[in-house]
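Okay, structure first, notes after.
Just so you know, residue 1 is the first one in the sequence shown, and it goes up from there. Basis for what follows: all heavy atoms, side chains included, without hydrogens, waters or symmetry-related copies.
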Amino acid sequence: MRLRIFLPHTELLDTETVKIKAENPMGYFTLKPRHIDMTSTLVPGILSYTTSTGKTEYLAVDYGLLVKQGDMVKVVSRRAFLGELGKLEAEVRRMTEIEDERERSARSAVARLEADFVRRFLEVGRS
């Protein structure tokens, strides 16, 4: 299979593989050359692939999308990093923390909007 990893402004990886392991919201899954065509969302985690020589390589991926069609597997993600397993696990934790902070900020903004709406609604009721 040919694995291609795309980031917003560049192609990070283009290589031949015999096995790919990735994580979606339901857990880890493995793709091999005769696997059925599929599409899956990806969660922040470690994507691994095995080359034809038997060497396993790793990369950290942020949220993204994986599409397998025939012998081509394409992954699109906002962020991805090639590297050693230990260093990549730290990068995945960092990606998760960034996403958690974004969610907290969004919840805070929604709470402020709701409070403002209620305050204005009460002001209209008093008028």
Side-chain angles (χ1 to χ4, degrees):
M1 295 181 295
R2 183 173 173 194
L3 173 62
R4 297 179 73 187
I5 309 287
F6 297 95
L7 302 178
H9 300 290
T10 188
E11 182 175 5
L12 178 67
L13 181 71
D14 185 354
T15 189
E16 290 296 321
T17 67
V18 293
K19 181 170 77 170
I20 299 167
K21 185 174 181 183
E23 185 178 9
N24 66 18
M26 296 174 60
Y28 280 96
F29 62 94
T30 301
L31 296 174
K32 291 189 175 184
R34 292 186 174 215
H35 194 280
I36 190 168
D37 289 353
M38 63 170 282
T39 301
S40 178
T41 58
L42 299 176
V43 296
I46 303 294
L47 183 145
S48 65
Y49 60 94
T50 305
T51 64
S52 57
T53 61
K55 184 177 179 184
T56 301
E57 301 283 343
Y58 301 93
L59 58 126
V61 294
D62 200 351
Y63 289 100
L65 182 66
L66 178 144
V67 177
K68 180 186 184 300
Q69 185 177 19
D71 66 346
M72 177 68 70
V73 178
K74 294 180 182 177
V75 174
V76 179
S77 180
R78 288 184 288 179
R79 290 182 295 252
F81 304 92
L82 295 164
E84 297 175 14
L85 193 54
K87 293 177 183 176
L88 291 176
E89 288 173 341
E91 190 60 42
V92 170
R93 277 194 299 279
R94 189 176 74 75
M95 284 183 211
T96 303
E97 289 168 1
I98 289 170
E99 191 63 32
D100 289 346
E101 180 58 34
R102 286 180 183 155
E103 287 179 17
R104 278 192 293 276
S105 294
R107 281 194 301 272
S108 176
V110 168
R112 285 191 304 272
L113 288 171
E114 289 173 347
D116 187 53
F117 174 77
V118 170
R119 183 181 53 78
R120 288 176 188 249
F121 186 75
L122 291 174
E123 286 174 0
V124 168
R126 289 184 204 144
S127 300

Task: Leu42 to Ala22 - nearest heavy-atom pair and separation - done: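 Heavy-atom minimum between the residues: CD2-CB, 3.9 Å.
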Task: Val43 versus Tyr63, closest heavy-atom pair with distance - done: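 In terms of heavy atoms, the two residues are closest at CA-CD2, 4.0 Å.
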Task: Residue pair Glu114, Val118: steps toward the side chain to side chain contact (heavy atoms under 4.5 Å, CB included) verdict - done: CA-CA 6 Å; Glu114 289 173 347; Val118 170; 5.6 Å; no
Open item on the list: What I want to find out is whether Arg120 reaches Asp116 closely enough, with some N-O distance under 4.0 Å, to be called a salt bridge.
Closed with: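 Salt bridge present between Arg120 and Asp116.
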Task: Hphob cluster co-occupancy, Leu12 + Val76, side-chain heavy atoms under 4.5 angstrom - done: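 No, no single cluster joins them.
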- [ ] Would you kindly confirm whether Phe81 and Tyr58 end up in one hydrophobic cluster when ILVMFWY residues are joined by side chain heavy atoms under 4.5 Å apart?
- [x]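 Linked, Phe81 and Tyr58 end up in one cluster.
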Open item on the list: I'd like to know whether Glu16 forms a side chain to side chain contact (heavy atoms under 4.5 Å, CB included) with Met1, so could you lay out the CA-CA distance, the side-chain angles of the two residues, the decisive distance to 0.1 Å, and finally the verdict.
Closed with: CA-CA 6 Å; Glu16 290 296 321; Met1 295 181 295; 5.7 Å; no
Open item on the list: Please determine whether the number of non-hydrogen atoms from other residues, nucleotides or ligands lying under 6.0 Å from atom CZ of Arg119 exceeds 12.
Closed with: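 Buried by this count: over 12 neighbours within 6.0 Å.
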Task: Selection residues 66-76 - residue pairs positive for side-chain hydrogen bond (donor to acceptor under 3.5 Å, both in side chains), sequence neighbours left out - done: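 Non-adjacent pairs meeting side-chain hydrogen bond (donor to acceptor under 3.5 Å, both in side chains): zero.
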Task: side-chain hydrogen bond (donor to acceptor under 3.5 Å, both in side chains) partners of residues 17-31, not counting sequence neighbours, each pair once - done: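 Qualifying pairs: Glu23-Tyr28, Asn24-Ser40.
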With a 3.5 Å distance limit and no angle check, can you tell me whether [X] reaches the backbone of [Y] through a side-chain donor-acceptor pair?
X	Y	value
Asp37	Gly70	yes
Ser77	Arg79	yes
Thr50	Gly54	no

TODO: With the side chain counted from C-beta on, respond yes when Ile20 and Leu3 share a heavy-atom pair under 4.5 Å apart, and no when they do not.
DONE: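 Ile20 reaches Leu3 side chain to side chain.
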Open item on the list: Please determine whether side chain to side chain contact (heavy atoms under 4.5 Å, CB included) holds for the pair Val73 and Leu31, giving the CA-CA distance in whole Å, both sets of side-chain angles, and the decisive distance to 0.1 Å.
Closed with: CA-CA 9 Å; Val73 178; Leu31 296 174; 4.3 Å; yes
Task: Identified side chain to side chain contact (heavy atoms under 4.5 Å, CB included) counterpart of Leu13 within the set Leu59, Leu7, Leu47 - done: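 It is Leu59; the other options fail the test.
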TODO: I would like to know whether Thr15 and Tyr49 meet side chain to side chain contact (heavy atoms under 4.5 Å, CB included); could you show each step before the answer?
DONE: CA-CA 10 Å; Thr15 189; Tyr49 60 94; 3.8 Å; yes
